[in-house]
2 protein chains.
Amino acid sequence: MNSESSTSGVSPDWVDGETKVEEAPHDHGDETRLWLRLLTCTTLVETEVRRRLREEFDFTLPRFDLLAQLERAEDGMVLGEVSKRMMVSPGNLTALVERLAESGYVSRTVSPKDRRVQIIALTEAGRAAFRNMADRHGEWIGDMFKQLSARDGAALMKELGKLKNSIRATLTNPQ
Amino acid sequence: MNSESSTSGVSPDWVDGETKVEEAPHDHGDETRLWLRLLTCTTLVETEVRRRLREEFDFTLPRFDLLAQLERAEDGMVLGEVSKRMMVSPGNLTALVERLAESGYVSRTVSPKDRRVQIIALTEAGRAAFRNMADRHGEWIGDMFKQLSARDGAALMKELGKLKNSIRATLTNPQ
DNA sequence: GGCATGCTTTTTATGCTTAAAATATATTCG
DNA sequence: CGAATATATTTTAAGCATAAAAAGCATGCC
């Protein structure tokens, strides 16, 4: 998924990916269309957020997401826990954390109890930078969602909750 | 976004990214929570699709998406058009198409009318391979969405339509 | 204590993705 | 015609992402 651009001129003239997949024989067409619409919405928002993070803060979304995770862990977090929460592979985080540490936004401490474990925490600079970006982030989202009434928003939240449960049930139950 | 894993053991024990961002001052908290739920659903589905594509077909999602676009263009498609429909940058497609051409799934033809333009089309092998994968893809989605009633699915489709319009309005109107 | 086992993180190989610059071709307009 | 401008694609540099294997450490059990 995804894409960004502005100068390279992709973003504003996208067509719509919602008709990506043709009907399957046993007809899961409705579900597939729903899935593609979901994907389209997510991609539109995510791409815009990436673009703005880059433009306004010269920051990437993965970096932002990592700071966001640490924001609510006063005493820092073990790398493996960050991996689970961010839904990314542990190997992915090695380089990401490395770069954020270089920039001075996070600190790494080897656990005294278990020397395999790294505790990652926000520095003061990281906390300040994140707050700044998170404020703007909220505004961007608010802007993109603004035509949705409170009622529609609540309904969507509820329906997505059901969907999430359905997905999780399938993933948990291997078949 | 994203992640896969199975042997590397990330996928099944994810925690949930829905609480990534804290409240913003001017309070777009509701919208942000909604956005994070949307993102979670998309990530869960997308990751599973990637995993299964790899496992069952040794194929990647971008490759699959590209074939899906070409499937409905009998006479092929210009690269730029594919780029818009897939919502990815043109530069991205160069290598992707190259690899799919190597595998014999797509053909590239220079347009006789405009030598800048490449027309990409499915080969018979590509068409067959895609149909095979698309069938399974439909089943996976059907499976993950199966706890959602037809009524809920329809409601979700409708609400997402409204959201999409809201997002597009904001993106089209640069402020 | 010492070995087997398992957990946490890093490394490696590969592929996806973008932005920006470069290249190549087409079109427009003076 | 020829220069400026526009369009289509590729190249480049950097970063993100995964799976699988390797390395390092802890723990349990004999």
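The sequence lines fix the lettering, A, B, ..., with proteins before strands; numbering per chain opens at 1.
Straight-line distance from the CE atom of M86(B) to the P atom of dT17(C): 7 Å, rounded to whole Å. When rounded to the nearest whole Å, the span between CG of N92(B) and P of dA20(C) equals 16 Å. Between the CD atom of Q118(B) and the P atom of dT9(D) there is a distance of 7 Å, rounded to whole Å. Atom CG of L96(B) and atom P of dT14(C) are 18 Å apart (whole Å). Straight-line distance from the CZ atom of R54(A) to the C1' atom of dT17(C): 11 Å, rounded to whole Å. The interatomic distance linking L61(B) (CG) with dT14(C) (C1') rounds to 17 Å, in whole Å. Put simply, CZ on R50(B) is 16 Å from P on dC16(D), counting in whole angstrom units. Summarising the geometry, the separation between CE on M77(A) and P on dT8(C) is reported as 13 Å, rounded to the nearest angstrom.
The minimum heavy-atom distance between L171(B) and L44(A), with the atom names listed, is CD1-CD2, 4.1 Å.
Nucleic acid contact class of G91(A) (heavy atoms, under 4.0 Å, all strands): base. Within 4.0 Å of L93(A), counting heavy atoms only, lies no atom of the nucleic acid at all.
Nearest to the side chain of P62(B), among dT9(D), dT17(C), dA17(D), sits dT17(C). Picking from dT10(C), dT10(D), dT17(C) the nucleotide with the shortest atom distance to the side chain of T94(A) gives dT10(C).
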Report, one pair per line, the protein and nucleotides 23-26 of chain C atoms (nitrogen or oxygen only) whose separation is under 3.5 Å.
residue, atom, partner, partner atom, Å
dT25(C), O2, R116(B), NH1, 3.4
dA26(C), OP1, R115(B), N, 3.0
dA26(C), OP2, R115(B), NH2, 3.4

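Proximity of I120(B) to S107(B): side-chain heavy atoms (C-beta onward) are nowhere separated by under 4.5 Å. For the pair D30(B) and F145(A), the minimum side-chain heavy-atom distance is 4.5 Å or more. Within the 4.5 Å cutoff, no side-chain heavy atoms of T43(A) are placed close to those of T42(B).
A close approach under 4.0 Å does occur between a side-chain nitrogen or oxygen of R63(A) and OP1 or OP2 of dC16(D).
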Practice item. Run the numbers on R52(A) and F57(A) for side chain to side chain contact (heavy atoms under 4.5 Å, CB included), then give the verdict. Key: CA-CA 8 Å; R52(A) 286 182 176 252; F57(A) 301 104; over 6 Å; no
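The salt bridge (charged side-chain N to carboxylate O under 4.0 Å, His left out) search around E102(B) returns none, not counting sequence neighbours.
Each ring-ring contact (aromatic ring centres under 6.0 Å, His included) pair with one or both residues in residues 84-110 of chain A, not counting sequence neighbours, appears once here: F59(A)-Y105(A).
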Which atom pairs, donor and acceptor, lie under 3.5 Å between side-chain atoms of residues 151-159 of chain B and protein residues at least two apart or in another chain?
residue, atom, partner, partner atom, Å
D152(B), OD1, K162(A), NZ, 3.1
D152(B), OD2, K162(A), NZ, 3.3
D152(B), OD2, S149(B), OG, 3.2

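Along DNA chain D, the nucleotide nearest to A95(A) and the one nearest to V117(B) differ in position, and the one closer to the 5' end is contacted by V117(B).
The stretch residues 101-108 of chain B comes close to DNA chain D through R108(B), each having a heavy atom under 4.0 Å from the strand.
Other members of the cluster containing V117(B) are V78(B), I119(B), with ILVMFWY side chains joined at under 4.5 Å, either directly or via other members.
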